[in-house]
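Beneath this line is the structure, given in structure tokens, with notes to follow.
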Amino acid sequence: MTLALWQHPDLPTLLAADLTKPAEAAWGREFAPELVYGRHAGPARADARGAAVTVVFCWDGNENEWLLPLTVRAADLKRHGGQVSFPGGLIDGEEAPRDAAARELAEELGVTPELAWLGNLSPQFVYASN
């Protein structure tokens with residue numbers, strides 16, 4: 001029996017190893033276009049605001065698969081209203097991106113889960129929201 005990737009019990013280890021590879025050699029990145037609507041790998045504008053998100057994988061022992069929690073932004077927000085997203089938001093002051101991502105995760109989910117950080121994804125500049 002072959003397991004789907006989301007059913008592999010050691011998915012975090014596989015992903016962490018992938019994050020250490022050069023972008024051109026990493027699993028799945030060959031499918032990511034260099035320019036996508038609203039996003040580009042750089043350069044960011046001089047007045048760009050820093051933001052961070054958390055990609056969280058939760059093991060569901062009952063179903064034997066990984067779950068990926070997402071949030072739905074309130075429809076009346078000025079930016080990104082109604083969008084489905086990873087938990088995250090603006091970086092406050094001198095806050096590190098990882099700290100901002102963890103803070104936003106706790107604020108948006110209403111809990112402070114124990115996390116095992118696997119690594120960082122490549123920074124992306126989102127033109128639509130600067």
Side-chain angles (χ1 to χ4, degrees):
M1 177 174 91
T2 304
L3 290 176
L5 187 60
W6 64 86
Q7 294 173 315
H8 196 294
D10 207 19
L11 179 63
T13 302
L14 297 173
L15 293 173
D18 192 59
L19 288 171
T20 64
K21 296 177 185 176
E24 62 275 3
W27 170 82
R29 294 188 194 169
E30 67 272 14
F31 299 110
E34 290 184 20
L35 181 62
V36 179
Y37 173 77
R39 291 187 243 359
H40 195 284
R45 296 192 303 245
D47 64 342
R49 299 166 306 157
V53 300
T54 306
V55 180
V56 179
F57 292 93
C58 303
W59 180 250
D60 179 353
N62 297 325
E63 299 294 326
N64 293 321
E65 63 186 7
W66 290 94
L67 305 175
L68 180 67
L70 299 170
T71 61
V72 178
R73 306 260 184 214
D76 60 349
L77 290 176
K78 288 173 71 173
R79 291 198 164 94
H80 309 294
Q83 291 182 352
V84 175
S85 63
F86 292 115
L90 290 175
I91 295 172
D92 291 339
E94 298 298 315
E95 191 175 38
R98 182 170 157 172
D99 295 334
R103 175 184 50 76
E104 289 283 346
L105 175 69
E107 288 175 6
E108 293 179 18
L109 296 184
V111 296
T112 305
E114 182 179 332
L115 301 173
W117 291 93
L118 302 179
N120 298 317
L121 297 171
S122 301
Q124 295 291 312
F125 175 61
V126 180
Y127 286 96
S129 60
N130 196 28

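Scored by the side-chain hydrogen bond (donor to acceptor under 3.5 Å, both in side chains) test, Arg49 finds no partners at all (sequence neighbours excluded). The side-chain contact (heavy atoms from CB on, under 4.5 Å) search around Ala102 returns Trp117, not counting sequence neighbours.
For Leu77 against Arg73, the heavy-atom pair with the smallest separation is CD1-CB, 3.8 Å.
Thr112 places no side-chain N or O within donor-acceptor distance of the main-chain N or O of Ala106, the cut-off being under 3.5 Å.
Tested against Leu105, the residues Thr54, Val53, Thr71 include a single side-chain contact (heavy atoms from CB on, under 4.5 Å) partner, Thr54.
Criterion: ILVMFWY side-chain heavy atoms under 4.5 Å apart, direct or through other members. Under it, Leu68 and Leu115 are not part of a common hydrophobic cluster.
The shortest distance between side-chain heavy atoms of Trp66 and Asp60 does not fall below 4.5 Å. Side-chain atoms of Cys58 and Pro69, non-hydrogen and from C-beta on, do get closer than 4.5 Å to each other. Looking at heavy atoms from C-beta onward, Leu109 lies out of side-chain contact with Val56 at the 4.5 angstrom threshold.
Rounded to the nearest 0.5 Å, atoms CG (Leu67) and CZ (Phe57) are 10.5 Å apart. Separation of atoms CD (Glu104) and CG (Leu90) is listed at 7.5 Å; rounding is to 0.5 Å. In this structure, the separation between CG on Asn64 and CH2 on Trp59 is 5.0 Å, given to the nearest 0.5 Å. Atom CZ of Arg103 and atom CD of Glu108 lie 9.5 Å apart (nearest 0.5 Å).
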